[in-house]
Amino acid sequence: MLDSKLLRNDPEAVAANLARRGFAFDAAAHAALEESRKTLQVRVEELRNERNVASKGIGRAKAAGEDIQPLLDAVESLGAALKTTDDELAVVRARLDDVEAGLPNLLHASVPDGKDEADNVEIRAWGEPATPAFEVRDHVDLGVALGQLDFDAAAKLTGARFSVMRGGLARLHRALIQFMLDLHTEQHGYSEVYVPYIVNSDSLRGTGQLPKFGADLFALNGEHEYYLIPTAEVPVTNLVRDEIIDADQLPLKYVAHTPCFRSEAGSHGKDTRGMMRQHQFEKVELVHIVRPETSYAALEELTGHAETVLQRLGLPYRIVALCAGDVGAGAAKTYDLEVWIPSQNRYREISSCSNCEAFQARRMAARWRNPDTGKPELVHTLNGSGVAAGRALIAVIENYQQADGSIRVPDVLQPYMNGLDVIAA
RNA sequence: GGAGAGAUGGCCGAGUGGUCGAAGGCGCAUGAUUGGAAUUCAUGUAUACGGUAACCCCGUAUCGAGGGUUCGAAUCCCUCUCUCUCCGCCA
């Protein structure tokens with residue numbers, strides 16, 4: 001949600017900023033709605049005031065033992081007038097809310113122009129993609145040949161876009177998660193949280209998945225309106241919903257490992273092979289809750305924490321700043337980490353680190369008490385994958401493959417594999 | 001799953017139809033006392049929106065959420081959510 005004051009006072013600036021995303025915000029139409037909201041609201045408040053004054057008078061007269069009938073007659077028509085105007089106001093409000101709830105966040109000035117993925121700007125790269133003497137195979141070939149990746153079984157159990165892992169690969173996957181959690185908690189100062197994988201619609205509204213992106217979610221069929229989480233960002237960030245945080249508690253840095261469930265309704269036909277794009281995958285998520293003035297420093301820090309994961313794993317990657325057209329709706333600025341995938345001969349997204357500024361905080365009423373003003377003020381929220389475990393597994397399998405189809409275990413993961421250094425059939 | 005009790009401000013906690021945004025306490029802030037601190041005393045201390053240039057003032061809303069009754073609802077009625085206690089079940 002955007003600042004309603006800004007929306008009212010400078011709708012043209014909002015429209016100009018959102019236009020960078022390719023989002024058309026009709027400032028004039030909004031202003032007209034806003035104007036009628038204001039008129040109606042003033043009228044309703046006047047009527048209410050009239051009624052309140054009259055009611056107090058009735059109370060006083062009754063206490064004094066006077067005849068209140070004339071007073072009752074005097075306010076007789078007020079109720080109907082109030083109801084009519086109030087109903088009109090509710091209609092206008094609802095339309096306004098619809099518009100405003102669907103607006104994406106304003107972009108930070110440093111976000112590069114561009115309309116899609118192709119226009120993202122590389123910030124830096126780390127590591128050298130290997131150039132093996134043998135023909136590289138993709139993770140599907142390798143995993144299936146090892147007998148440890150099984151998409152047929154997953155299709156039987158559920159359907160398309162799920163996977164079954166066995167033995168060494170299953171353990172490698174778990175080792176990745178353990179390694180990442182330990183790294184972030186022991187060396188990067190995060191506190192680990194365990195959270196529900198099922199959330200209510202308020203939480204999804206808080207982080208911005210609803211009302212606009214419900215199609216990407218798996219909704220549960222039970223008596224409650226519950227959804228499977230598409231990312232740990234939802235439950236973890238919503239920890240601070242409706243909270244006022246003491247200044248000395250900030251920054252809050254949370255790390256959580258959760259599965260993520262995405263229906264990916266819009267991407268059929270993309271990455272249909274293998275584990276790249278699944279309905280269910282594991283992720284280690286980093287969330288920062290910070291003072292507004294520190295949020296851009298926090299974005300660099302958080303991104304660095306995700307990078308460290310890939311460096312320790314010895315996986316070549318690059319960092320790109322998402323361009324205006326590619327930044328997600330809730331974010332003001334986003335860096336993606338892209339890891340080298342040998343079989344595709346290119347980098348693929350493995351982490352996305354975003355500063356949402358006050359966009360989510362405003363929806364969630366997540367505030368901190370600013371000691372300088374003594375007032376509750378909105379916090380800034382950030383989130384980033386640190387990193388996606390499923391894609392990290394793909395990257396390890398493909399980057400650590402050997403000519404015989406076995407997979408070397410990265411050094412940092414061997415302690416989590418009982419010392420195992422090669423996964424073979 | 002069965003039975004019962006609850007949900008009030010940053011926190012605790014009064015308030016069962018009429019100047020209640022809400023007593024009292026805690027916490028916090030400022031001032032006084034003190035060499036400094038503790039103690040004590042005084043004063044102040046919600047949020048959002050609107051009228052406004054204005055964080056002065058005025059108005060409106062907010063006592064778990066939504067609806068209803070009424071001239072008037074924290075207080076009465078209905079629905080829902082959550083919490084607690086006891087029983088049952090269970091990893």
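Since the model is a prediction, treat every value here as computed from it, not as a measurement. Here is the naming used below: chain letters follow the sequence lines, and residue numbers restart at 1 for every chain.
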Thinking salt bridges, do D97(A) and R93(A) make one under a 4.0 Å N-O criterion? no
Spacing of [X] atom [atom1] relative to [N] atom [atom2], expressed in whole Å:
{"X": "Y194(A)", "N": "rA91(B)", "atom1": "OH", "atom2": "C1'", "result": "12 Å"}
{"X": "W368(A)", "N": "rG10(B)", "atom1": "CH2", "atom2": "C1'", "result": "16 Å"}
{"X": "E377(A)", "N": "rA48(B)", "atom1": "CD", "atom2": "P", "result": "10 Å"}
{"X": "I244(A)", "N": "rA46(B)", "atom1": "CD1", "atom2": "P", "result": "12 Å"}
{"X": "D202(A)", "N": "rC82(B)", "atom1": "CG", "atom2": "C1'", "result": "12 Å"}
{"X": "R363(A)", "N": "rA48(B)", "atom1": "CZ", "atom2": "P", "result": "19 Å"}
{"X": "L378(A)", "N": "rU47(B)", "atom1": "CG", "atom2": "C1'", "result": "12 Å"}

Contacts table for residues 381-400 of chain A: side-chain donor-acceptor under 3.5 angstrom, sequence neighbours left out:
from	atom 1	to	atom 2	distance (Å)
T381(A)	OG1	Q360(A)	OE1	2.7
N383(A)	ND2	E233(A)	OE2	3.3
S385(A)	OG	S352(A)	N	3.1
R391(A)	NE	M276(A)	O	3.0
R391(A)	NH1	E349(A)	O	2.9
R391(A)	NH2	M276(A)	O	3.1
E398(A)	OE1	S343(A)	N	3.0
E398(A)	OE1	S343(A)	OG	2.7
E398(A)	OE2	H139(A)	N	2.7
E398(A)	OE2	H139(A)	ND1	3.2
E398(A)	OE2	S343(A)	OG	3.1
N399(A)	ND2	W340(A)	O	2.8
N399(A)	ND2	A395(A)	O	2.8
Y400(A)	OH	L313(A)	O	2.4

Given that Y226(A) and E34(A) both sit by RNA chain B, which one's nearest nucleotide is further toward the 5' end? E34(A)
Heavy-atom nearest nucleotide on RNA chain B for K5(A) versus R369(A): which residue maps closer to 5'? R369(A)
Tested for side-chain hydrogen bond (donor to acceptor under 3.5 Å, both in side chains) against H257(A), the lone hit among Q178(A), E282(A), E192(A) is E282(A)
Quick one: side chain to side chain contact (heavy atoms under 4.5 Å, CB included) partners of D202(A), sequence neighbours excluded? N200(A), R205(A), R241(A)
Residue set satisfying side chain to side chain contact (heavy atoms under 4.5 Å, CB included) with R171(A), at least two apart, ordered chain then number -> R174(A), M417(A), N418(A)
How does protein reach along nucleotides 59-68 of chain B, written 5' to 3' as B (base within reach of a heavy atom under 4.0 Å), S (only sugar-phosphate), or - (no contact)? BSS-------
In 5'-to-3' order, the base (B), backbone-only (S) or no-contact (-) status of each nucleotide in nucleotides 17-22 of chain B, using a 4.0 angstrom heavy-atom cut-off, is -BS---
Taking atom P in both rA23(B) and rG9(B), what distance in whole Å separates the two? 13 Å
Intermediate values then yes/no, side chain to side chain donor-acceptor pair (under 3.5 Å), E301(A) and H188(A): CA-CA 9 Å; E301(A) 182 191 325; H188(A) 294 157; over 6 Å; no
T185(A) side-chain N/O to D182(A) backbone N/O, donor-acceptor pair under 3.5 Å: yes
Is a side-chain N or O of Q401(A) found less than 3.5 angstrom from the main chain of L142(A), in a donor-acceptor match? no
In dot-bracket form, how is RNA chain B paired, counting a Watson-Crick or G-U wobble pair only if both its distances are under 3.5 Å and using | for bases paired to another strand? ((((((((.[[[..)..(.....]]]((((((.......))))))((((((.....)))))).[[[[[..)....]]]]])))))))....
Among side-chain atoms of N49(A) and E45(A), is any donor-acceptor pair under 3.5 angstrom? no
In terms of side-chain heavy atoms, does Y254(A) have a donor or acceptor partner in H184(A) at a distance below 3.5 Å? no
So which atom in V111(A) and which in A332(A) form the shortest heavy-atom distance, rounded to 0.1 Å? CG2-O, 3.3 Å
